[in-house]
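Proteins come first, then strands; the chains are lettered A, B, ... in the order of their sequence lines, and each starts at number 1.
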Amino acid sequence: MKLTEYEKAMLAGEEGPARRYAMEQIIRVGDFFGADACVEISQVHLMADPESLGEAGVEFLEGLAALPHDQRRVRVPTVTDPRGVDFEAYKRLKQTDTMAELERRAIAAFESFGVMMTDTCINYQTILPPVMGEHLAFGDTGSSIYANSVLGARTNFEGGPSALAAALTGRTAAYGFHLDARRRGTSLFETKVRPKGLTEWGALGAIVGKAMNSYWEVPVIAGIEGAPTSDEIKQFGAALASFGSTPLFHMTGITPEAPDLNAVFDNTLPPPTVINAGDIANLIRSYAPEDDTLHVVAFAGPQLSLVEMQMLSGLLEGRTLHKDVALLAATSPEIKSACDRMGLTATIEGAGGVVLSGVCFYQMYAREIGEANGWKRLMSNSAKLVNILGGYGYEPVLATMEQCIESAVQGRIVGAAS
Amino acid sequence: MTGERIYKGTAGIGDAVEGEALVAHDNFSARYDLDRIEGVFSRPGHKLFGESYVGKILILNIAKGGVATAWMLREMTDRNMGPVALILNAANPIMAQGAAFANLPLIDRFDVDITSVITTGERVAVDPSCATVKVV
């Protein structure tokens, strides 16, 4: 890779071992993908929950945190993805003090780097929405796909070690979705139905995601008339990125790089895959439970926006959850504060639910809390969440927010596909 | 035909290593597919469900899932509970970032479907500097 004098100095260790590590990490990844240079980035979104970090990751961070102040500080604004422990709620969820201690150590290290602990995966809705053409290092599949697709910014999936490298240098390797050539459409989906509600938008994203065969595929979705809401396209993108592990889609007439098909395809169009109402129903039905047993309802993955929290609060007003069913709703610290102020938290918790701040269900030791609380059958309106939790030992059920609430009140699954 | 089987990929990360292959045409994500405490595949429906990957040369189709694998590969190898190398038809940035951070050997983009030419139990030598996988 061709480096600038500044980048060469960091690689040579002239700015300390943290920035040398960062340049080495950037170059190893850049060489692997054939990058010929670095690109300057303007903000970083860093995923580093303690379950993923483990002792090894936390020790690595503490090693960097022990460096002199000017050698360890990040060089561009850096915010964090959800944490693994909500210190206000972890004992109620039967998380252990060992988990909380690992979390405290990780947070202390990040704070010493000047990282802002926003603890959210919906930073594009709540912190600093990126701008068209802005180069980023975003480290959550949901935030990456929203920034790339809906906002027209440019990022690859930057996992924690590389997002931290980007934060320390203000650079990442110029490959993948930073480049014009990679942002062209590669496959075409024609929707014959407009999804209704958040669950169906997630299901549509799951269908497209399942059809993806590599990170480099760029699906183009045609046939959606009129803009979805921010939360609908958030659910769509989060599910697409989760099932497909791809960071960019175009939706003709809706996303900024795709005013029409000609804008995203070079010559002839690929043969379209048609998606109709039956496909969405079948995707939801593929998570239908064998019986009506229910242990836990989780609203998370992505964290809920203020609007979603208001919807949830409205559905729970005047209701009481069944004593044997737990209901958890995860949001960001900023939105939690707004919910406290507006009385939404009081309504949700008054009904028996738990509002979690700065965490997300699958990033908080989902296996261990499931085992500790006897949770196996889980219900959610998030296609992303049900996709992830199968591997964590859960039997996840995909349903609407209304069906989830009704089931949590009755203590058994009602209204969901069977 | 000499009988020597060497497969050439496009790029590699990490040091040369030799070990026993564990192969499936399924995809890979550390968070979505593994019980990392027990060291086994835990996602129902994955062809390697219940299989231990510890100490194996893991040969799979493509990288899937989210970003957590970038940290998790080092967390696993640090506890000696990881695979010793990862061979994929197509890696993604997360796998490359995780392999670079963990110094775990990784090779991808072969001119054949690598999961169809090597079988579980065969002994293979992985050389990331030349991006080759050799059955020994």
Next on the checklist: Need one label for B/L106: side chain, backbone, both or neither, based on atoms under 4.5 Å from any heavy atom in chain A.
Outcome noted: both
Item to check | Proximal component of A/E59, with respect to chain B [non-hydrogen, under 4.5 Å] | outcome: neither
Item to check | side-chain hydrogen bond (donor to acceptor under 3.5 Å, both in side chains) partners for B/K8, two or more places apart | outcome: none
Checklist entry - Which atoms of B/D33 come close to chain A, meaning under 4.5 Å heavy atom to heavy atom: side chain ones, backbone ones, both, or neither? => result neither
Checklist entry - Just by distance, do the side chain of A/S52 and the backbone of B/W71 share a donor-acceptor pair under 3.5 Å? => result no
Item to check | CZ on B/R109 to CZ on A/F32, rounded to 0.5 Å | outcome: 5.0 Å
Checklist entry - Are B/F101 and A/F60 an aromatic pair by the rule of ring centers under 6.0 Å? => result yes
Next on the checklist: Please classify the contact of B/A68 with chain A as side chain, backbone, both or neither, using a heavy-atom distance under 4.5 Å.
Outcome noted: both
Checklist entry - For B/G66 and A/T141, which heavy atoms make the closest approach, and how far apart are they? => result CA-CG2, 3.5 Å
Next on the checklist: Going by ring pair (Phe, Tyr, Trp, His ring centres under 6.0 Å), name the residues that satisfy it together with A/Y394, two or more places apart in sequence or in a different chain.
Outcome noted: A/F361
Checklist entry - Taking B/A100, B/P128, B/A96 one by one, which has the highest count of heavy-atom pairs under 4.5 Å against chain A? => result B/A100
Checklist entry - Going through the distances and angles, do B/Y32 and A/S242 end up as a side chain to side chain donor-acceptor pair (under 3.5 Å)? => result CA-CA 10 Å; B/Y32 286 46; A/S242 173; 2.8 Å; yes
Item to check | Exercise: identify the closest heavy-atom pair between B/A70 and A/G160 | outcome: CB-N, 4.1 Å
Checklist entry - Under the 3.5 angstrom rule, does the side chain of A/E55 hit a backbone N or O of B/D78 as a donor-acceptor pair? => result no
Item to check | Polar side-chain atom of B/E75 near backbone of A/G54 as donor-acceptor pair, under 3.5 Å | outcome: no
Checklist entry - Does the side chain to side chain donor-acceptor pair (under 3.5 Å) test come out yes or no for B/R31 and A/Y362, once each step is laid out? => result CA-CA 9 Å; B/R31 166 163 264 157; A/Y362 73 92; 5.3 Å; no
